[in-house]
*Asks:* 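Just dropping this structure here.
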There are 2 protein chains.
Amino acid sequence: MNKVSILLAEDDTNLGQLLKSYLSAKEYDTILAIDGAEAMKIFKKEKFSLCLLDVMMPEMDGFTLAREIRTIDPHIPIIFLTAKNLKEDVIEGFKTGADDYLTKPFSMEELIYRIEAILRRSTKRAADVPAAEYTIGKYNFDVTRQLLTYRDQSRKLTTKESELLELLCRHRNEVLERNLALKSIWIDDNYFNARSMDVYITKLRKYLSKDENVEILNIHGKGYKLLC
Amino acid sequence: MNKVSILLAEDDTNLGQLLKSYLSAKEYDTILAIDGAEAMKIFKKEKFSLCLLDVMMPEMDGFTLAREIRTIDPHIPIIFLTAKNLKEDVIEGFKTGADDYLTKPFSMEELIYRIEAILRRSTKRAADVPAAEYTIGKYNFDVTRQLLTYRDQSRKLTTKESELLELLCRHRNEVLERNLALKSIWIDDNYFNARSMDVYITKLRKYLSKDENVEILNIHGKGYKLLC
DNA sequence: TTATTCTGTTAAAATTCGTTAAACGGACGG
DNA sequence: CCGTCCGTTTAACGAATTTTAACAGAATAA
């Protein structure tokens, strides 16, 4: 999946920084603009998946900014943030084509979920989009078909093998933490599931042994690192 | 554009009637159910573009209802209505895949705008409204006639074959969970029905074997995924 | 060093799934 | 009413997948 990039326009630097670091922690590439004019400048230069706009800003208010943004990209999802809870304001927001409207104070969790709800809709059919594939050294890994191919030999992976290899690929050349993998694939990171994961690491190592430049490295006490 | 149809589940008859007449005035075909169980019954019989669900209802609460609805149509937009403003509740709502979440009291205008914001996003997608026909690789599947066609050869499917294939199509390229399929088609997800479903999967695999790009993948311990 | 925790590997056990065929039961025509 | 057909369920067995167990070896901290 492509990385999600967010344009955040917020003149309150405290809140702005807070939001930016929170969103970045959630793996959203976030760029912060401190007023409407700057936001517009940045928007013209870069590509974004979604806009998060404060309504009350110096230079250019959120609604005006939204309209200008929409002249460039008429379909980009826009969420307004505002301190006011005025009915007229909310209506005005949706008239400019808002996809959502959040009144301060809101919880970070709710923001994240609303962002995800919108992205789910707008990037939908991502499932029809070309199958996710990884190149692992001389191997090719087709995630959706769970197929690991070396030259002309294909091996059909089981569900667990495939899930684990995909996680390793997503973190390739960096550490995939044990707990993360366990919680993500096995849901629960207890002793037995950890043993089970060991077994799968052994299997994957065997499958990947034909290319000596590919290696699943153990980082003691941390996790594994797929080198390729 | 097709007419927009809304399933409204609201146990407060006053509010329910008010919403229904307001939405109908805005040219949305609206059907009102007075509890979760009735809503589910109606949903199974008719096609809807969007669901508007009260959270607190007798018989079946909104979240449970939403989950059941999503087992049948995993992509239909859902908006929750609630009197509570609890953070936990909002989060729970989005976790079940809500597209929006409105806290009473809200203005009719805001509701309309939120509905339109969601429809704007979701009708961009091609096969959104429950299709009567699916294209599965080189196959064509006519749901109402229960006819599976490959080039010039048509095969009349039995009821169960057809129901299962339709569910797979609605979830195509994503996992259709075993117990969800069982509860939706066989009503009860006991051991024997599960065996029965296996038999039908085998049959469908045979029927679909002429296009090698089409595949019913088993996700061990979870369910099946129709790749096409 | 020594004890302890963590990892690697193999095999057996448990669970889940795939396939074929036979049994069941309702609908239909005679 | 009786047999036949058709869709569905049940049964039986084998295969695939995942988990558990057992033991050996490595890495680390005290």
Side-chain angles (χ1 to χ4, degrees), chain A residues 143 145-148 154-168 171 175-209 214-227, chain B residues 143 145-148 154-168 171 175-209 214-227:
Chain A
V143 180
R145 290 188 184 275
Q146 308 187 353
L147 225 51
L148 183 64
S154 283
R155 176 194 296 271
K156 181 131 187 93
L157 299 187
T158 72
T159 310
K160 282 271 177 340
E161 289 166 356
S162 184
E163 288 175 328
L164 183 53
L165 185 53
E166 188 192 356
L167 259 192
L168 284 166
H171 294 253
V175 201
L176 166 64
E177 287 184 38
R178 272 194 102 90
N179 292 344
L180 195 95
L182 283 169
K183 274 190 274 184
S184 147
I185 299 177
W186 277 266
I187 310 300
D188 192 8
D189 65 338
N190 59 31
Y191 173 80
F192 290 108
N193 288 336
R195 292 314 80 241
S196 197
M197 181 169 153
D198 287 347
V199 174
Y200 279 93
I201 290 289
T202 298
K203 287 183 176 186
L204 290 180
R205 280 185 176 140
K206 260 184 205 155
Y207 300 165
L208 293 169
S209 61
V214 174
E215 196 180 351
I216 299 177
L217 206 65
N218 172 249
I219 311 298
H220 194 93
K222 295 263 184 333
Y224 294 93
K225 198 187 219 176
L226 171 61
L227 301 179
Chain B
V143 179
R145 293 182 189 283
Q146 307 189 357
L147 224 50
L148 183 63
S154 283
R155 176 195 296 273
K156 169 103 180 138
L157 298 187
T158 71
T159 312
K160 282 271 182 328
E161 289 167 356
S162 185
E163 287 176 331
L164 183 53
L165 185 53
E166 189 190 357
L167 259 193
L168 283 166
H171 293 256
V175 208
L176 166 64
E177 287 184 38
R178 263 195 110 88
N179 54 338
L180 300 188
L182 284 168
K183 273 191 274 183
S184 159
I185 299 178
W186 277 266
I187 312 301
D188 192 8
D189 65 338
N190 59 32
Y191 173 81
F192 291 107
N193 288 335
R195 292 313 85 238
S196 195
M197 181 169 154
D198 287 348
V199 174
Y200 280 92
I201 289 289
T202 298
K203 288 183 177 187
L204 291 181
R205 279 188 176 138
K206 260 185 204 152
Y207 301 166
L208 293 170
S209 61
V214 174
E215 193 181 351
I216 299 178
L217 202 68
N218 171 249
I219 310 298
H220 194 97
K222 296 247 169 29
Y224 294 93
K225 201 179 197 178
L226 172 61
L227 300 180

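All values below come from the heavy atoms of this structure, side chains included, with hydrogens, waters and symmetry mates left out. Protein chains get the first letters and strands the later ones, always in sequence-line order, with residue 1 at the start of each.
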*Asks:* Answer yes or no: are there more than 12 heavy-atom neighbours, outside A/Lys156 itself, under 6.0 Å from its atom NZ?
*Replies:*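 Yes - once you tally the heavy atoms of other residues, nucleotides and ligands closer than 6.0 Å, there are more than 12.
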*Asks:* Looking for any heavy atom pair under 4.0 Å, which part of the strands does A/Tyr224 touch: base, sugar-phosphate only, or nothing?
*Replies:*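 Answer is sugar-phosphate: A/Tyr224 comes under 4.0 Å of backbone atoms only.
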*Asks:* Measure CG/B/Leu217 against C1'/D/dA16 and give the value in whole Å, please.
*Replies:*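 Atom CG in B/Leu217 sits about 13 Å away from atom C1' in D/dA16.
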*Asks:* May I ask you to check whether over 12 heavy atoms, not counting those of B/Arg145, lie within 6.0 Å of atom CZ?
*Replies:*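 Check fails, neighbour count at 12 or below.
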*Asks:* Work out how much the helix from C/dT1-D/dA30 to C/dG30-D/dC1 bends between its end axes, five pairs an end, to the nearest 10 degrees.
*Replies:*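 Roughly 30° between the end axes, to the nearest 10°.
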*Asks:* What is the distance from CG of A/Asn193 to P of C/dC6, rounded to the nearest Å?
*Replies:*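 Result: 16 Å.
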*Asks:* Which residues in residues 158-167 of chain A have a heavy atom closer than 4.0 Å to any atom of DNA chain C?
*Replies:*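 Within this stretch, nothing sits under 4.0 Å of the strand.
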*Asks:* Under the side chain to side chain contact (heavy atoms under 4.5 Å, CB included) test against B/Asn193, which residue among B/Ile185, B/Leu182, B/Ile187 passes?
*Replies:*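 The side chain to side chain contact (heavy atoms under 4.5 Å, CB included) with B/Asn193 is passed solely by B/Leu182 among B/Ile185, B/Leu182, B/Ile187.
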*Asks:* Step by step, would you call B/Leu204 with B/Leu148 a side chain to side chain contact (heavy atoms under 4.5 Å, CB included)?
*Replies:* CA-CA 10 Å; B/Leu204 291 181; B/Leu148 183 63; 5.9 Å; no
*Asks:* Of B/Asn218 and B/Phe192, whose closest DNA chain D nucleotide lies nearer the 5' terminus?
*Replies:*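 Nearest-nucleotide comparison on DNA chain D picks B/Phe192.
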*Asks:* Decide yes or no for B/Leu157 and B/Tyr207: does some side-chain heavy atom of the first lie under 4.5 Å from some side-chain heavy atom of the second?
*Replies:*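 Of all side-chain heavy-atom pairs linking B/Tyr207 with B/Leu157, at least one is under 4.5 Å.
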*Asks:* Quickly work out the B/Tyr191 OH to D/dT9 P distance and round it to whole Å.
*Replies:*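 Computing the B/Tyr191:OH to D/dT9:P distance gives 15 Å.
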*Asks:* Please report, rounded to the nearest Å, how far the C1' atom of C/dC6 is from the CZ atom of A/Arg178.
*Replies:*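 Distance check: A/Arg178 CZ to C/dC6 C1' gives 8 Å.
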*Asks:* Show me the donor-acceptor pairs within less than 3.5 Å that the side chains of residues 194-201 of chain A make with the rest of the protein, sequence neighbours left out.
*Replies:*
from     : atom 1 : to       : atom 2 : distance (Å)
A/Arg195 : NH1    : A/Asp198 : OD2    : 2.0
A/Arg195 : NH2    : A/Asp198 : OD2    : 3.3
A/Asp198 : OD1    : A/Arg178 : NH2    : 2.7

*Asks:* For nucleotides 24-30 of chain D, list the nitrogen or oxygen atoms of the protein found under 3.5 Å from its nitrogen or oxygen atoms, one pair per line.
*Replies:*
none

*Asks:* Are OP1 or OP2 of D/dT18 and a side-chain N or O of A/Trp186 less than 4.0 angstrom apart?
*Replies:*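 Answer is no, no contact under 4.0 Å.
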*Asks:* What is the separation between atom CG on B/Asn179 and atom C1' on C/dT16, rounded to the nearest whole Å?
*Replies:*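 In whole Å, C/dT16 C1' and B/Asn179 CG are 14 Å from each other.
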*Asks:* Indicate yes or no: at least one non-hydrogen side-chain atom of A/Lys183 is less than 4.5 angstrom from one of A/Asp188.
*Replies:*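 No, every pair of side-chain atoms sits at 4.5 Å or beyond.
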*Asks:* Could you check if a side-chain atom of A/Ile216 sits within less than 4.5 angstrom of a side-chain atom of A/Lys225, using non-hydrogen atoms only?
*Replies:*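 No, every pair of side-chain atoms sits at 4.5 Å or beyond.
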*Asks:* Between the side chains of A/Arg155 and A/Glu161, is the shortest nitrogen-to-carboxylate-oxygen separation below 4.0 Å, so that they form an ion pair?
*Replies:*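 Salt bridge between A/Glu161 and A/Arg155, a charged N being under 4.0 Å from a carboxylate O: no.
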*Asks:* Considering residues at least two apart in sequence or located in another chain, which fulfil the side-chain hydrogen bond (donor to acceptor under 3.5 Å, both in side chains) criterion with A/Ser184?
*Replies:*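 Counting only residues at least two positions away or on another chain, A/Ser184 forms no side-chain hydrogen bond (donor to acceptor under 3.5 Å, both in side chains).
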*Asks:* Using atom CD1 of A/Ile185 as one end and atom C1' of D/dT17 as the other, report the distance to the nearest whole Å.
*Replies:*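 It works out to 15 Å between those atoms.
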*Asks:* In whole Å, what is the span from the NZ atom of A/Lys225 to the P atom of C/dT7?
*Replies:*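 Whole-Å distance recorded here is 15 Å.
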*Asks:* Indicate yes or no: at least one non-hydrogen side-chain atom of B/Trp186 is less than 4.5 angstrom from one of B/Lys160.
*Replies:*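 Contact flag for B/Trp186/B/Lys160 side chains = yes.
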*Asks:* Let's go through B/Leu217 and A/Gln146 carefully: what are the C-alpha distance in whole Å and the side-chain angles of both, what is the deciding distance for side chain to side chain contact (heavy atoms under 4.5 Å, CB included) to 0.1 Å, and is it a yes or a no?
*Replies:* CA-CA 9 Å; B/Leu217 202 68; A/Gln146 308 187 353; 3.7 Å; yes
*Asks:* Does any part of the side chain of A/Lys203, heavy atoms only, come nearer than 4.5 Å to the side chain of A/Thr158, both counted from C-beta?
*Replies:*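 Result no, sub-4.5 Å side-chain heavy-atom pair not found.
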*Asks:* Given atom NZ of A/Lys156 and atom P of C/dG18, what is their separation to the nearest angstrom?
*Replies:*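 The distance from NZ of A/Lys156 to P of C/dG18 comes to 11 Å, rounded to the nearest Å.
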*Asks:* So how far is it from B/Leu168 CG to B/Leu176 CG, rounded to the nearest 0.5 Å?
*Replies:*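 Atom-to-atom, B/Leu168:CG and B/Leu176:CG are 5.5 Å apart.
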*Asks:* Between the protein and nucleotides 19-21 of chain C, list every N/O to N/O distance that falls short of 3.5 Å.
*Replies:*
from   : atom 1 : to       : atom 2 : distance (Å)
C/dT19 : OP2    : B/Thr202 : OG1    : 3.4
C/dT20 : OP2    : B/Lys206 : NZ     : 3.1

